[in-house]
Amino acid sequence: MKRSPPVTEQALLARVNDLAAKTINQIANDLNMFVPESLLKAKGWMGELIETALGANAGNTAQPDFVELGIELKTLPIDRFGKPLESTYVTVVPLLDRQQFSWEKSEVYGKLKRVLWVPIISERHMSVGERQVANPFIWSPDHHDMQILKTDWHEIMDMVALGQVEKLNGRFGTYLHVRPKAANSRCLTNAYAEDGSIMQTLPRGFYLRSDFTRKILSDVFR
DNA sequence: CATTGATCATGG
DNA sequence: CCATGATCAATG
């Protein structure tokens, strides 16, 4: 039932290339998985399907999906022209980290340093099963993009450390921005207040803007 | 119509 | 609650 993880990057590429051009129905049928009518009540389903198909093994730990390879898997919904339809979730924002202030040790860096992108043509009018895998590829940020990601991360984490998490909103950040990441708007978690005490606030996540993922695709396929 | 803010499912 | 997987949907 569960597939073992690929041992090499080459093996992972071979597996994911087998998915290229397949419909979601084909992939799910091969795995004996049921395809939901809608993703409204199954928002993570696409990602879980591709994880299963490829043998990802990180579970819900805060590590890249293919732990030994250090590669993060991201499905990316695109329209028929290859334009991303959504932002891409990266990881939760650590609200109580005043120490571990190193970009290279951050979970954002750990996940974005090497990513297997699996674009899926997922226009809303298409049924889930008819949606189709496009051209997957493994990517790392170039130096320029890495600097921008690092700067975004530092600016956001500085605000968190200064107790300004509630001043953060989706307008901050060039590539990486911060949005709510919770079951609903009543969820609360601890964070620093501006006076250094502990306050309660809505949990947040780091997301990649779709402008940036659009650029990634155009850099690769130009 | 793009973007920001809100929400859904699951496992530990 | 916190982490994973994201998409939905109100708003400007």
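Proteins get letters first, then strands, A, B, ... in listed order; numbering begins at 1 in each.
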Regarding A:Ser122, tell me which of base, sugar-phosphate or nothing describes its non-hydrogen contacts under 4.0 Å with the strands shown. nothing
Report which part of the nucleic acid A:Thr61 touches: base, sugar-phosphate, or nothing (heavy-atom distance under 4.0 Å, all strands). sugar-phosphate
Looking at A:Thr91, does any N or O in its side chain come under 4.0 Å of the phosphate oxygens OP1/OP2 on C:dT4? yes
Calculate, to the nearest 0.5 Å, the distance between atoms CD and CD1 belonging to A:Gln132 and A:Ile27 respectively. 9.0 Å
Could you grab the distance from atom CG of A:Asp79 to atom CE of A:Met126, nearest 0.5 Å is fine? 10.5 Å
Would you say a side-chain N or O of A:Arg209 is under 4.0 Å from OP1 or OP2 of B:dT4? yes
Applying a 4.0 Å non-hydrogen cut-off, can you work out what A:Gln200 is touching in the nucleic acid: base, sugar-phosphate, or nothing? nothing
Ion pair present between A:Asp145 and A:Lys215, side-chain N to carboxylate O less than 4.0 angstrom? yes
Can you check whether A:Leu176's main-chain N or O pairs, donor with acceptor, with A:Asp152's side chain at less than 3.5 Å? yes
Side chains of A:Arg209 and A:Thr88: do they bring a donor and an acceptor to under 3.5 Å? no
Members other than A:Tyr89 in its cluster, when Ile, Leu, Val, Met, Phe, Trp, Tyr link by side-chain heavy atoms under 4.5 Å? A:Val92, A:Tyr207
Do A:Lys181 and C:dG5 have a side chain to base donor-acceptor pair shorter than 3.5 Å? yes
Main chain of A:Gly110, side chain of A:Lys113: is a donor-acceptor contact present, judged purely on distance under 3.5 Å? yes
Counting only side-chain nitrogens and oxygens, does A:Tyr89 get under 4.0 Å of the OP1 or OP2 atom of C:dT4? yes
Just verifying a value: how many Å separate A:Lys74 NZ and A:Thr213 OG1, rounded to the nearest 0.5 Å? 11.5 Å
Reading DNA chain B from 5' onward, which residue's closest nucleotide shows up sooner: A:Phe172 or A:Asn184? A:Phe172
Is A:Glu194 salt-bridged to A:Lys167, cutoff N-O under 4.0 Å? yes
Short heteroatom pairs, N/O only, protein and nucleotides 10-12 of chain B, under 3.5 Å:
residue	atom	partner	partner atom	Å
B:dG11	N2	A:Asn60	ND2	3.0
B:dG11	N3	A:Asn60	ND2	3.0

How bent is the helix from B:dC1-C:dG12 to B:dG12-C:dC1, measuring the angle between the end axes built from five pairs each, rounded to 10°? 30°
Quick check on B:dG5: is either OP1 or OP2 less than 4.0 Å from any side-chain nitrogen or oxygen of A:Arg204? no
Can you check whether any acceptor in the base of C:dA6 is under 3.5 Å from a donor in the side chain of A:Tyr207, or vice versa? yes
Assign each of A:Ser210 and A:Ala42 the nucleotide of DNA chain B bearing its closest heavy atom; nearer the 5' end lies the nucleotide of A:Ser210
